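For reference, the structure is listed below as structure tokens.
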Amino acid sequence: MSTYIIRRLLLAIPTLLIVTLLTTASLRIIPGDAIDVLIGQMDLSGKEDRGVLRAQLEEQLGIDGPIYVQYVRWWANVLLRGDLGEAVIMGTNVRDQILARLPVTLEIGILALLIALLISFPVAIYSAIRQDSIADYVFRSVAILFISLPSFWVGIMVIVFPSIWWGWSPELIPPKLWEDPWGNLKAYIIPAAILGMAINGVNMRLMRTMMLEVVREDYIRTAYSKGLTERVVVFRHAVKNALIPVITVIGLNVPVVIGGSVIIEQLFGLPGMGRLAVEAAFLRDFPVIIGVTFVFSLFVLLIILITDLSYAWLDPRIRYG
Amino acid sequence: MANTGIGLPRAIEVRRRNPLTDFLTRMVRTKPLGTASAVIVLVFFCVGVFADVLAPYDFNQQKVQLEDGTNQRFQFLAPPSLDHWLGTDSIGRDLLSRLIHGARISMLVGVIGSVFSLFVSCLIGLPSGYFGGKFDLLVQRFIDAWLVFPDLILLILLVSVTGAGLWNIVFILGLQYGLGGSRSVRGAVIGIRQNVYIEAAQATGATTLRILLRHMLPNVAAFLLVLVTTRMPGMMLAEAGLSFLGLGVPPPAPSWGGMLSSSAMTYMYTQPLLAIWPGLALSIVVYSTNMFGDALRDLLDPRLRGAMGRY
């Protein structure tokens, strides 16, 4: 097991190296252009020398010199000082910005995942046991509906219509979790539910398929033929074995949750990391965008690693040598 | 056939039936919902193509010239009327016309984006699956890394570098989905690589390019068609999402997502129709494409049933 963990960790390293290479190289897709835009945005009074400014900016962005030098320098900064660089326009340290915004995104993400799992898991089990029943068809159609509804549209409806009809609107500045847990939850639950809805659609379909495989296993047939009631077969045998698919699904959900939180945070004005990325994209503050992308990718990579390892922990039949 | 009524000529006739009509009949019979969805998608596609003819006004038009030569501005945030069936938006543009032109943008992104993504998928997936070995390993490592990026975050990063714009979005989305899809194409190619006809082609001295294009590609064609229809809705949603954030197709282009952006939200409290129609149109198109893709997958590739794309 421990050799497997080590091998898995070692395999993650090249992936991480390529990820960071792609992000640092992204500024080079259109060389110069990014700098020109930045200079254009800086509202020059005409006194500064453009050439000097360009050199200054290139140094600040870390894109002076050849790309491998930039790349090594970027990693050295991250590894030695835990530093993601300074924002060009937003005017603060990128790491501090991200740390300040991380809890909001985490809270929405975890809430959304919880909501999605609490609904999709029982529905998927029911759909799989009663395959091709009317309820199964209804659930499947609802799943496609959930996938198809754009979360920002649902969010707009939730914000606009209650406000017109009853003068109610979601809270704009959520109180801190440790100061007012209830008020905090009230502010986050609606955005999280809307985000959860989209994931729910994907999960209902994925888990149903996976459950269908579990239901067709030999041990389920054996359990039935022993004369066990359906309740016992489902809860003692099927559900337990369906936990592995659930872990897989959570792993698949995380990138979707991250993408979705960008839109939800923007819509509800929540100060999370996704919103930071959008603000930075508007200002073309590249160190911030690269920092956010790096942290999110690192997070996804970690989740993939954890899901892989938890298979072995959950299912004794899986043993990694 | 009608006058004999015996089995033999009929059997011959069945064999000669056009595979396309055969497929369409099967689809109408076994997948009524999927067929209805396909028709809806087709309708929206035609609306997109003929937007200039169908729309009563230009999507950016704010005034109309009267008979006496003077201009009359459209009313801002007007309720539905005979002149403007769905009313007007905050700067007095006809909502229906903007919706119709929005279909063009969505369809452009969906269709051209997925065709481009298909090209990328094949370009990478075909050789990666066919050659295997070190080349495959290297390519797959790269794809692994690429897939670690959460979709929307990567799109934001790329858009912030290239700038917003319709063709930039199509290119970026096509690339993003194409790289993801190359995994599936590779899997399909590995599945048919062991077949005897590939070996036969190799034995007769066919070039690698010929084997890839003439023997591999037609055999994964059905699979590719399914791949395209499952990618399309995701792309249309992603474009709308980016436009909603203000990082997609820049105004005044009438993207459905852009019509729902936060700056437009201010006016929805006075004219709620502005909030309903663009979202409804987008949802109907995406839902229909999803249903159509599902039906197509069931018909063409039963092995894939229940498998899902990344959205």
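This structure is a prediction, so every number in the text was calculated from the model and none was measured. All values below come from the heavy atoms of this structure, side chains included, with hydrogens, waters and symmetry mates left out. Chain letters run A, B, ... following the sequence lines, proteins first and then strands; every chain starts at 1.
- A heavy-atom distance below 4.5 Å is not found between the side chains of A/Pro255 and B/Asp151.
- Of the atoms belonging to B/Leu33, not a single heavy atom falls under 4.5 Å from chain A.
- The two residues A/Ser148 and B/Asn290 have their closest heavy-atom pair at OG-ND2, 3.0 Å.
- Contact count versus chain A (heavy atoms, under 4.5 Å) is highest, among B/Gly257, B/Ser288, B/Ala164, B/Ala240, for B/Ala240.
- Using a 4.5 Å cut-off between heavy atoms, B/Pro233 makes no contact with chain A at all.
- Under a cut-off of 6.0 angstrom, the local environment of CZ in B/Phe171 is sparse, with at most 12 non-hydrogen atoms contributed by other residues, nucleotides or ligands.
- Nearest heavy atom pair, residue A/Val300 against residue B/Pro150, reads CG2-CG, 4.0 Å.
- With a 6.0 Å radius and a threshold of 12 heavy atoms from other residues, nucleotides or ligands, B/Phe116 has its CZ atom above the threshold.
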inquiry  = Could you go through B/Asp294 and A/Arg205, starting from their C-alpha distance and side-chain angles, then the distance that decides it, and tell me whether this counts as side-chain contact (heavy atoms from CB on, under 4.5 Å)?
reply    = CA-CA 12 Å; B/Asp294 244 31; A/Arg205 288 163 60 108; 3.1 Å; yes

message = Checking B/Tyr287 against A/Ile144 for the side-chain contact (heavy atoms from CB on, under 4.5 Å) test, could you report, in this order, the C-alpha distance in whole Å, the side-chain angles of both residues, the deciding distance, and whether it holds?
response = CA-CA 7 Å; B/Tyr287 185 74; A/Ile144 299 188; 3.8 Å; yes

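- Closest approach of B/Leu260 and A/Ile156 over heavy atoms only: O-CD1, 3.1 Å.
- Contact annotation: the side chain of B/Arg141 never approaches that of A/Leu17 to less than 4.5 Å [non-hydrogen atoms, C-beta and beyond].
- Checking B/Asp144 against A/Thr15 by side-chain atom types alone, no donor-acceptor pair falls below 3.5 Å.
- Across all non-hydrogen atoms, the minimal contact from A/Ala281 to B/Ile156 is CB-CG2, 3.6 Å.
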task = Please assess B/Leu157 against A/Phe296 for the test side-chain contact (heavy atoms from CB on, under 4.5 Å), listing each intermediate value before the final yes or no.
result = CA-CA 12 Å; B/Leu157 172 72; A/Phe296 272 143; over 6 Å; no

Residues A/Met157, B/Ile276; criterion side-chain contact (heavy atoms from CB on, under 4.5 Å); working and verdict = CA-CA 8 Å; A/Met157 304 292 242; B/Ile276 294 177; 4.2 Å; yes

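- Neither the backbone nor the side chain of B/Val285 comes within contact range of chain A; no heavy atom of the residue lies under 4.5 Å from a heavy atom of that chain.
- With a 4.5 angstrom heavy-atom cutoff, A/Leu267 touches chain B via backbone and side-chain atoms both.
- At distances below 3.5 Å, not a single donor-acceptor pair connects side-chain atoms of A/Trp153 with backbone N or O atoms of B/Pro278.
- Taking all atoms of both residues into account, the shortest heavy-atom contact from B/Ser160 to A/Ile289 is OG-CD1, 3.2 Å.
- The parts of B/Leu280 that come within reach of chain A are both its backbone and its side chain, each placing non-hydrogen atoms under 4.5 angstrom from that chain.
- In this structure, chain B has no heavy atom under 4.5 Å from any part of A/Met210.
- Contacts of A/Ser141 with chain B are made by both backbone and side-chain atoms, with heavy-atom separations under 4.5 Å.
- In this structure, CZ on A/Phe282 lies 5.0 Å from CG on B/Leu247, to the nearest 0.5 angstrom.
- Considering all non-hydrogen atoms of both residues, A/Ile263 and B/Gly241 come closest at CD1-CA, 3.8 Å.
- Neither the backbone nor the side chain of A/Phe294 comes within less than 4.5 Å of any heavy atom of chain B.
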